[in-house]
Amino acid sequence: MNKGAYSPVPFSDVGITGSFWRERLDTVLSRTIPSQHKKLAEVGILESLRLPEPVPPLVIPRNSHGFTVQVFWDSDVGKWIEAASYALAHRRDPDVEGKIDAIVDDLAKAQSPDGYLNCWYNEREPEKRWTNLRDNHELYNAGHLLEGAIAYFRTTGKRKFLDVMERYVDHIASTFGRGPGQKRGYPGHQEIELALVKLYRLTGDKRRLDLAFYFIDERGREPHYFTQEAIARGEDPKAFWANTYEYNQSHVPAREQTRMVGHAVRAMYMASAMADLALELKDDGLKRACEALWRDVTTAQMYVTGGLGPKETNEGFTEPYDLPNETAYAETCASVALIFWAHRMLHLDLDGAYADVMELALYNSALTGLSHEGTHYFYSNPLESRGQHRRWAWHVCPCCTMNVSRLVASVAGYAISTRDDGVAVHLYGGFKTAAIIGGVRVAIRESSDYPWSGKARIEVDPEAPTAFELKLRLPGWARDATISVNSETLAPDVTRGYATIARTWTSGDVVDLDLPTPAERLYAHPNVRMDVGRVALRRGPFIYCVEEADNPGGHVQALTLQRWARLKTEWRADLFDGVATLSAAAKRLVPGDAAGALYASSPPRAEDAVLTALPYYLWANRETGSMQVWIAEATA
């Protein structure tokens with residue numbers, strides 16, 4: 001039997017049956033995607049696809065660097081089509097399909113005779129195309145449009161958009177490379193590499209994989225393309241506003257990088273593509289680079305929520321252990337892209353450590369980017385607030401809006417993987433699929449109330465008895481997990497976070513998995529100076545926070561949690577359609593004898609209080625107020 005790598009079951013072949021993800025998916029289908037299309041029209045993005053004449057004034061003025069985010073409006077359209085296509089796979093909607101078809105018609109008309117397609121340049125600066133890859137996102141836009149085209153084709157079978165984009169890819173392939181007359185360029189903002197690998201997997205055309213490899217392999221080589229490009233534009237390369245090519249990870253070749261630096265979203269897209277290429281090309285150098293970057297991120301640069309990038313000015317990384325809470329940038333897009341990377345690393349090497357990070361970011365830093373009601377968002381995701389952070393209905397740079405909706409709409413694709421001799425289950429929460437294992441069609445159904453409960457049942461239904469391995473992920477937070485098959489308790493082999501059950505399966509076999517989910521405390525490495533003397537709370541895959549709405553009496557930063565206080569779990573049917581909250585005896589600090597004094601020689605008074613915490617992803621869905629993830633801890 002084939003002992004090769006596992007491959008994810010496509011999202012379109014996995015049904016969602018569990019209430020948690022069904023509710024999130026229904027919200028995206030019914031509210032998020034329609035409202036996003038309306039916003040794309042209101043702000044002029046859809047109109048820009050028609051190349052209006054005369055050319056209208058800029059909606060978004062250029063900033064101090066001479067840059068306007070209108071240059072990547074095409075990418076927002078591509079991501080919306082991708083998200084809407086994923087949604088259509090769950091429920092066909094003629095209205096949404098018609099809206100996509102109308103956009104595709106506009107893009108087809110906007111395409112240049114040579115295949116080039118960028119509405120900013122075709123409308124405003126046709127003579128300047130491919131002159132500023134460093135800043136102006138042409139290849140990034142192409143990547144998101146291509147991903148949208150692939151998703152729409154996979155869902156509907158309609159080829160028009162895919163044909164448009166394949167013509168564009170042909171143009172790009174003829175423009176960039178190491179051949180005579182070609183530009184040795186690569187994206188300033190990585191993304192197209194991911195799309196090209198997807199196109200290769202769809203069509204089998206190895207030219208697409210070769211182009212993705214070129215973009216990764218050429219990045220950071222000398223003479224530096226962005227330097228040469230700036231000189232050709234008549235600019236001083238030293239005047240680059242970011243001051244360093246670390247910003248876009250082109251400071252050294254990709255396979256030589258060992259620390260994650262610069263803009264977090266670009267970094268995650270690059271690492272995801274590196275993992276894809278390492279798998280497809282069996283490139284050990286790229287794999288080793290991915291592993292080194294993974295260690296750096298997860299041991300020194302990742303928030304407890306799975307957020308990435310503490311700094312606003314570069315939307316990215318700074319230095320090891322620099323993880324401020326109130327000023328955390330932790331862009332939603334970066335967390336979504338971390339999930340992409342973790343999922344790809346998981347298929348390079350089936351290791352639960354990758355799945356743990358994938359799940360952490362999924363349930364926490366990524367999911368918080370979308371409001372409970374589905375039409376408001378977070379761009380950055382701080383871990384503490386005095387009440388100044390509010391969700392917004394749209395953003396001048398709306399990248400995160402469609403990124404979180406396409407993640408939720410495709411979440412089923414992260415749950416299960418297969419190979420000829422096995423099935424691996426990575427996520428729980430109510431998923432079902434069927435796959436050919438050992439030449440036999442096998443239906444798999446996982447049912448649970450996960451993430452609120454760790455009890456899951458996996459029903460295995462092969463059309464004929466067949467031998468294969470069922471691998472069940474045991475999350476890193478799960479202790480004392482128990483597994484039974486047909487009510488018989490097993491002690492299966494557990495390797496790198498996966499329990500393996502190898503047997504001949506017959507119709508009606510049932511596996512019961514129990515992952516205890518007690519609430520527990522988490523402590524940061526002492527080098528994370530912002531969290532010294534503080535504690536975070538976790539239950540199952542959720543990181544919890546305390547919010548003023550649940551803890552009236554003043555800002556939550558005045559609460560302290562005793563180390564000995566027992567954490568209690570309570571199911572609250574009255575909150576957000578049902579949520580498990582945590583509570584504990586605590587203290588609230590109030591002014592002492594010197595009430596009204598800014599400073600005093602006597603300590604504040606500690607009053608008895610009850611601390612209530614809810615999952616971090618739900619914060620800022622009610623009245624404005626303070627919030628924090630890391631709570632002051634008293635040891636006495």
Side-chain angles (χ1 to χ4, degrees), residues 1-11 13-15 17-18 275 278-280 282 287 342-359 412-448 450 454-515:
M1 286 188 177
N2 177 22
K3 287 287 186 178
Y6 280 86
S7 297
V9 178
F11 78 94
D13 294 335
V14 181
T17 60
L279 177 65
E280 295 292 346
K282 297 180 173 55
K287 183 174 186 286
H343 191 233
R344 286 160 170 82
M345 294 298 289
L346 182 60
H347 289 89
L348 260 180
D349 198 359
L350 191 69
D351 189 326
Y354 298 128
D356 284 351
V357 171
M358 179 176 76
E359 183 181 68
Y414 297 89
I416 302 170
S417 299
T418 63
R419 65 183 186 188
D420 286 350
D421 67 336
V423 176
V425 180
H426 314 300
L427 299 178
Y428 307 99
F431 300 99
K432 64 178 181 179
T433 193
I436 303 300
I437 309 296
V440 175
R441 186 179 186 276
V442 180
I444 304 288
R445 183 183 182 93
E446 179 270 321
S447 54
S448 64
Y450 196 94
K455 294 181 182 294
R457 169 163 287 190
I458 298 94
E459 299 169 69
V460 183
D461 189 13
E463 290 186 341
T466 184
F468 63 88
E469 295 178 343
L470 175 65
K471 291 181 178 289
L472 302 179
R473 171 176 159 258
L474 305 183
W477 49 260
R479 301 176 184 86
D480 303 319
T482 59
I483 300 175
S484 65
V485 177
N486 301 330
S487 300
E488 179 182 346
T489 301
L490 300 181
D493 172 63
V494 178
T495 303
R496 294 186 297 180
Y498 283 82
T500 300
I501 306 171
R503 58 180 278 135
T504 298
W505 300 89
T506 59
S507 180
D509 282 344
V510 174
V511 180
D512 286 298
L513 171 67
D514 187 0
L515 303 169

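Values in this document were obtained by computation on a predicted structure and should not be read as measured data.
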**Carboxylate-amine/guanidinium proximity below 4.0 Å for Arg503 and Asp509** = yes
**Request:** Using a strict 4.0 Å threshold on nitrogen-to-oxygen distance, state whether Lys432 and Glu459 make a salt bridge.
**Result:** no
Does the side chain of [X] pick up a donor-acceptor pair with the side chain of [Y] at under 3.5 Å?
X	Y	value
Thr433	Asp13	no
Trp477	Glu359	yes
Ser484	Asn486	no
Ser7	His347	no

**Request:** Assess whether side chain to side chain donor-acceptor pair (under 3.5 Å) is satisfied between Asp461 and Ser507, documenting all intermediate values.
**Result:** CA-CA 4 Å; Asp461 189 13; Ser507 180; 2.6 Å; yes
Using a 4.5 Å cut-off on heavy atoms from C-beta on, say whether the side chain of [Y] contacts that of [X].
X	Y	result
Leu470	Val425	yes
Tyr6	Leu346	no
Val440	Ile436	no
His426	Tyr498	yes
Leu513	Leu474	yes
Tyr428	Arg473	yes
Pro465	Thr504	yes
Val510	Val460	no

Grab the two heavy atoms, one from [X] and one from [Y], that are nearest each other, plus how far apart they are.
X	Y	result
Gly413	Pro8	O-CB, 3.9 Å
Asp421	Phe468	O-CB, 3.4 Å
Thr17	Arg445	CG2-NH2, 3.8 Å
Gly430	Ser448	N-OG, 3.8 Å

Calculate, to the nearest 0.5 Å, the distance between atoms [atom1] and [atom2] belonging to [X] and [Y] respectively.
X	Y	atom1	atom2	value
Arg344	Leu279	CZ	CG	10.5 Å
Ile483	Leu515	CD1	CG	8.0 Å
Tyr450	Phe431	OH	CZ	10.0 Å
Glu469	Thr500	CD	OG1	5.5 Å
Arg496	Asp349	CZ	CG	4.0 Å
Glu488	Asp512	CD	CG	12.5 Å

**Asked** Can Thr418 and Val9 be said to form a side-chain contact (heavy atoms from CB on, under 4.5 Å), step by step?
**Response** CA-CA 7 Å; Thr418 63; Val9 178; 3.8 Å; yes
**Prompt:** Is the backbone of Gly476 close enough, under 3.5 Å, to the side chain of Asp356 for a donor and an acceptor to pair up by distance?
**Reply:** yes
**Asked** Given the rule in the side-chain contact (heavy atoms from CB on, under 4.5 Å) test, do Trp505 and Val511 qualify, once you have shown the distances and angles that lead to the verdict?
**Response** CA-CA 11 Å; Trp505 300 89; Val511 180; 3.8 Å; yes
**Message:** Please determine whether side-chain contact (heavy atoms from CB on, under 4.5 Å) holds for the pair Thr495 and Lys471, giving the CA-CA distance in whole Å, both sets of side-chain angles, and the decisive distance to 0.1 Å.
**Reply:** CA-CA 10 Å; Thr495 303; Lys471 291 181 178 289; over 6 Å; no
**Request:** Kindly determine whether Leu348 and Lys287 satisfy side-chain contact (heavy atoms from CB on, under 4.5 Å), including the steps that lead there.
**Result:** CA-CA 8 Å; Leu348 260 180; Lys287 183 174 186 286; 4.2 Å; yes
